[in-house]
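Read the structure below first, then the notes.
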There are 2 protein chains.
Amino acid sequence: MPEPLEPEPLESVPAAFAPHDHRACETRVLDEAADRLAELGGRLTPVRRRTLEILLESHRAMGAYEVLDRLATEGFGRQPPVAYRALEFLVEHGLAHRLQRLNAFAACLHPGRDHAPAFLICRACDALAELPAAPVRAALADLAADTGFIIERATIEAVGLCPVCVKAAA
Amino acid sequence: MPEPLEPEPLESVPAAFAPHDHRACETRVLDEAADRLAELGGRLTPVRRRTLEILLESHRAMGAYEVLDRLATEGFGRQPPVAYRALEFLVEHGLAHRLQRLNAFAACLHPGRDHAPAFLICRACDALAELPAAPVRAALADLAADTGFIIERATIEAVGLCPVCVKAAA
DNA sequence: AATAGAAATGTAATAAGGTAACACGCGTTG
DNA sequence: CAACGCGTGTTACCTTATTACATTTCTATT
Ligand SMILES: [Zn+2]
Ligand SMILES: [Zn+2]
Ligand SMILES: [Zn+2]
Ligand SMILES: [Zn+2]
């Protein structure tokens, strides 16, 4: 066994950028989502659950209309609010994130309380990684504090090349 | 004289958040823009110049269609590409920024080479401040480097309350 | 000055993203 | 059984952005 010692403590190369047992990702997140909703009091109805599953199918962000198409072909409503409401619910409950650079959504891979990650978006393969961004946010908070500005929400998104595509380009 | 010693070295409270001689902002940026374009080889045509002036009228971000309305009433074209092309030109030449959170654009207040700022957006009064964000970007670069991801562009935008609106709320 | 090519501007048409307003069904709860 | 909240669905509409193409304006070269 190569490295069974660390379950996923710092996750130096995000799963999104490496081959992995993705089925495990999906079931883990779905389980955590159920737990989290039990605490918060939200209901994971069929549309909502299916929306989360669709987002979870790949480590990338999906547009609302792409999600909607999927939902529609699976027998749910085919009007925009169907997708937007489900996505909004997931975002509000910390189960998904909205990517500003892409006008798109992605499942949250770490549905813990009040985490506020940074995102790395590969422009070549669309892979999306979600990183704990405490130091970045701290630096930003410092900047803002000097000006008297009070930050409520911050968007930290980077576009570039993931390790796989860097290698491929070389 | 209270503090005439520092012209604007660190700009601890951004002009956007304080009363100031805004006419001076406008003329300074327009001058700098002309200089910068002379070096880069871009042409500040009438539409482009007017677009920049419109963005410069206030320290806030404007939607493309808001800009377009202004241009149209002033005798320029009234189709979306007119505004989008002018805005794109300004962004490409470092004279304006695109705000992802707002789907909007703002004049760059410091049109120096390769600066990559963070933005503070007041949700109450729409004021927009542009801050040098080197430390934040460094922190983000560190995170990304650990994963092997190569950052090409990063979006750092915060929404909250500016000092003025904080006071007003209290 | 003539003129060919590049750059800039304009239009029409359409795609993509997002929201408001309303009707229905269903499971509470008094 | 109301009365209610909530979730889901629909229609209609609004905002944002791009594609395609025609026309004009600059610029460079002869
Ligand atoms: Zn996975
Ligand atoms: Zn990639
Ligand atoms: Zn700037
Ligand atoms: Zn404010």
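All chains are named by letter (A, B, ...) in the order of the sequence lines, taking the proteins before the strands, and each is independently numbered beginning at 1.
With dA17(D), dT8(D), dA8(C) as the candidates, the nucleotide lying closest to the side chain of T45(A) is dT8(D). The listed nucleotides are dG9(D), dA8(C), dA17(D); the one nearest the side chain of V47(A) is dG9(D). Closest approach to the Y84(A) side chain among dG7(D), dT18(D), dG18(C) is made by dG18(C) (side chain taken as heavy atoms from C-beta onward). Each of dG18(C), dA8(C), dT8(D) was ranked by its minimum atom distance to the side chain of Y65(A); first place goes to dG18(C). Here dT11(C) is the nucleotide among dT11(C), dT10(D), dG10(C) with the atom lying nearest to any side-chain atom of Q79(B). With dA17(D), dA20(D), dG9(D) as the choices, the nucleotide that has an atom nearest any side-chain atom of P81(B) turns out to be dA20(D).
In this structure, H93(A) atom NE2 and dC6(D) atom P are separated by 12 Å, rounded to whole Å. Residue L102(A) contributes atom CG, which lies 16 Å from atom C1' of dT16(D) at whole-angstrom precision. What separates CZ of R101(A) from C1' of dG17(C) is a distance of 17 Å, to the nearest Å. Atom-to-atom, CZ of R50(A) to P of dT8(D) comes out at 15 Å; the value is rounded to the nearest Å.
When each of P80(A) and F89(A) is assigned the nucleotide of DNA chain D with its nearest heavy atom, F89(A) is the one assigned upstream, toward the 5' end. Comparing R48(A) and R78(A) along DNA chain D, the residue whose closest nucleotide (by nearest heavy atom) sits nearer the 5' end is R48(A). If you find the closest nucleotide of DNA chain C to N103(B) and to G75(B), the one lying nearer the 5' end belongs to G75(B).
Under the 4.5 Å side-chain criterion, counting only non-hydrogen atoms from C-beta, D126(A) is not in contact with I121(A). The shortest distance between side-chain heavy atoms of C25(B) and L109(B) does not fall below 4.5 Å.
Under 4.0 angstrom from either OP1 or OP2 of dG27(C) there lies no side-chain N or O belonging to R43(A). Residue R98(A) has a polar side-chain atom (N or O) positioned under 4.0 Å from OP1 or OP2 of dG18(C). Of the side-chain N and O atoms in R85(A), none sit less than 4.0 angstrom from OP1 or OP2 of dG9(D).
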Under 3.5 Å, which donor-acceptor pairs link side chains of residues 60-71 of chain A to any protein atom two or more places apart or in another chain?
residue, atom, partner, partner atom, Å
R60(A), NE, S58(A), OG, 3.3
R60(A), NH2, E66(A), OE2, 2.8
R70(A), NH1, E57(A), OE1, 2.9
R70(A), NH2, E57(A), OE2, 3.0
R70(A), NH2, E74(A), OE2, 3.4

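Between R36(A) and P111(A) the shortest heavy-atom distance is CD-O, 2.9 Å.
Between the side chain of H20(A) and the main chain of A15(A), a donor-acceptor pair closer than 3.5 Å is present.
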